[in-house]
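Basis for what follows: all heavy atoms, side chains included, without hydrogens, waters or symmetry-related copies.
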Amino acid sequence: MLYKLAHILRDKFGFLWNLIEWGNAFVFALTHKSALKKIPAVLQECSETYTLRLTEPADAPALAKFFAEQPEESFEFFKPHAFDEKSLLKIIRNKAFLTFLVLDKDAIVGYFFLRCFVNGKSFRGKIVDYRYRGKGIAKLEGEAMTRVSTTLGIRMFGTISPDNYASLASSKAVNEVVIVKTLDNGYYYIEYLPKSSKS
């Protein structure tokens, strides 16, 4: 219900949606202030072959270029937000919309995010550069999101098409994937739990 309501507000009541977004970001940043400071260290622990870090406003042009270089099929199941520089800059500055980069030296080869809410939930998403698929980056992103969500003390959700076999496989390699329900569009509404929580 909340998922549907959020989409209605975003699509039909832009001003109200922006106000809610601002309020959510303000309260989330305030209530998770100490935990948010731990995220760089968490990402550092996940960095070996590739470097993981929080996205910064100065990354917006390079990130827009990253998305522009991806083939059309990369966005068949990944449409969380607009990909132009202006939109990305707004997202990066949102303190409750945590965005992360995977870097091979200075090149962006992956992007992932946790869109967090004051009710203790977050929605996750990830994408890997088409030239770097099959190198374990999607799994690495999943591991990092799990560690960050645990550090913040929030639950992690997402939606996956049953046809998106690669995303399902990389998710199951890192998390216990619990299908909460099937949405009207056929997508699974999923909660991602740490593997250690399995009985």
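- Rounding to the nearest 0.5 angstrom, the gap separating the CG atom in L193 from the CZ atom in R155 is 8.0 Å.
- The minimum heavy-atom distance between I154 and C116, with the atom names listed, is CD1-SG, 3.7 Å.
- Rounded to the nearest 0.5 Å, atoms CZ (R53) and OG (S47) are 10.5 Å apart.
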Could you pull out all donor-acceptor pairs under 3.5 Å where a side-chain atom in residues 100-113 meets a protein atom, sequence neighbours excluded?
from	atom 1	to	atom 2	distance (Å)
D104	OD2	Y132	OH	2.7
Y111	OH	H81	NE2	2.9

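- Across every non-hydrogen atom of L168 and S161, the tightest pair is CD1-O, 4.1 Å.
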Intermediate values then yes/no, side chain to side chain contact (heavy atoms under 4.5 Å, CB included), I190 and V180: CA-CA 5 Å; I190 287 173; V180 179; 6.0 Å; no

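- Between S167 and I160, the shortest heavy-atom distance links the atoms OG-CD1, 3.8 Å.
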Check against side chain to side chain contact (heavy atoms under 4.5 Å, CB included), C46 and R147: CA-CA 9 Å; C46 297; R147 290 195 190 190; 3.8 Å; yes

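- Here T55 contributes atom OG1 and L89 contributes atom CG; the two are 11.5 Å apart, rounded to the nearest 0.5 Å.
- The side-chain heavy atoms of M145 and M156, taken from C-beta on, include a pair separated by under 4.5 Å.
- In this structure the side chain of T99 never reaches within 4.5 angstrom of the side chain of L54, judged on heavy atoms.
- For the pair N175 (side chain) and V177 (backbone), a donor-acceptor distance under 3.5 Å is absent.
- Contact of the P162 side chain with the Y188 side chain is registered, since non-hydrogen atoms from C-beta on lie closer than 4.5 Å.
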Distance-only check: which donor-acceptor pairs under 3.5 Å involve side-chain atoms of residues 26-39, not counting sequence neighbours?
from	atom 1	to	atom 2	distance (Å)
T31	OG1	V27	O	2.9
T31	OG1	F28	O	3.3
H32	ND1	F28	O	3.2

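- Heavy atoms only, all atoms of each residue included: S149 and L114 are closest at N-CD1, 4.2 Å.
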Working for side chain to side chain contact (heavy atoms under 4.5 Å, CB included), residues L98 and L152: CA-CA 11 Å; L98 306 178; L152 293 171; 3.7 Å; yes

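- Taken together through direct or relayed side-chain contacts under 4.5 Å among Ile, Leu, Val, Met, Phe, Trp and Tyr, F97 and Y192 form parts of separate hydrophobic clusters.
- Salt bridge E176/K195: absent, no basic N to carboxylate O contact under 4.0 Å.
- Between E85 and K90, none of the side-chain N atoms (NZ, or NE/NH1/NH2) sits under 4.0 Å from a carboxylate O, so this pair counts as no salt bridge.
- Using a 3.5 Å distance cut-off with no hydrogens or angles, the side chains of S171 and R124 do pair a donor with an acceptor.
- Under the 3.5 Å distance criterion, with hydrogens and angles disregarded, a donor-acceptor pair is assigned to the side chains of K126 and S170.
- Under the 4.5 Å side-chain heavy-atom criterion for Ile, Leu, Val, Met, Phe, Trp and Tyr, F123 and I91 are members of distinct hydrophobic clusters.
- Of all non-hydrogen atoms in A82 and L88, the two that sit nearest each other are O-CD2, 3.9 Å.
- In this structure, N24 and A96 approach most closely via the heavy-atom pair ND2-CB, 3.5 Å.
- Atoms CH2 and NZ, from W22 and K95 in turn, are 10.5 Å apart once rounded to the nearest 0.5 Å.
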Name each donor-acceptor pair under 3.5 Å that joins a side chain in residues 65-78 to protein atoms two or more places apart or in another chain, with its distance.
from	atom 1	to	atom 2	distance (Å)
K65	NZ	E69	OE2	2.5
E69	OE1	R131	NH2	2.9
Q70	OE1	Y130	N	3.0
Q70	NE2	F66	O	2.9
Q70	NE2	D129	OD2	3.2
S74	OG	P71	O	3.3
S74	OG	R133	NH2	2.7

Evaluation steps, side chain to side chain contact (heavy atoms under 4.5 Å, CB included), between K172 and K139: CA-CA 9 Å; K172 288 179 179 179; K139 181 179 176 182; over 6 Å; no

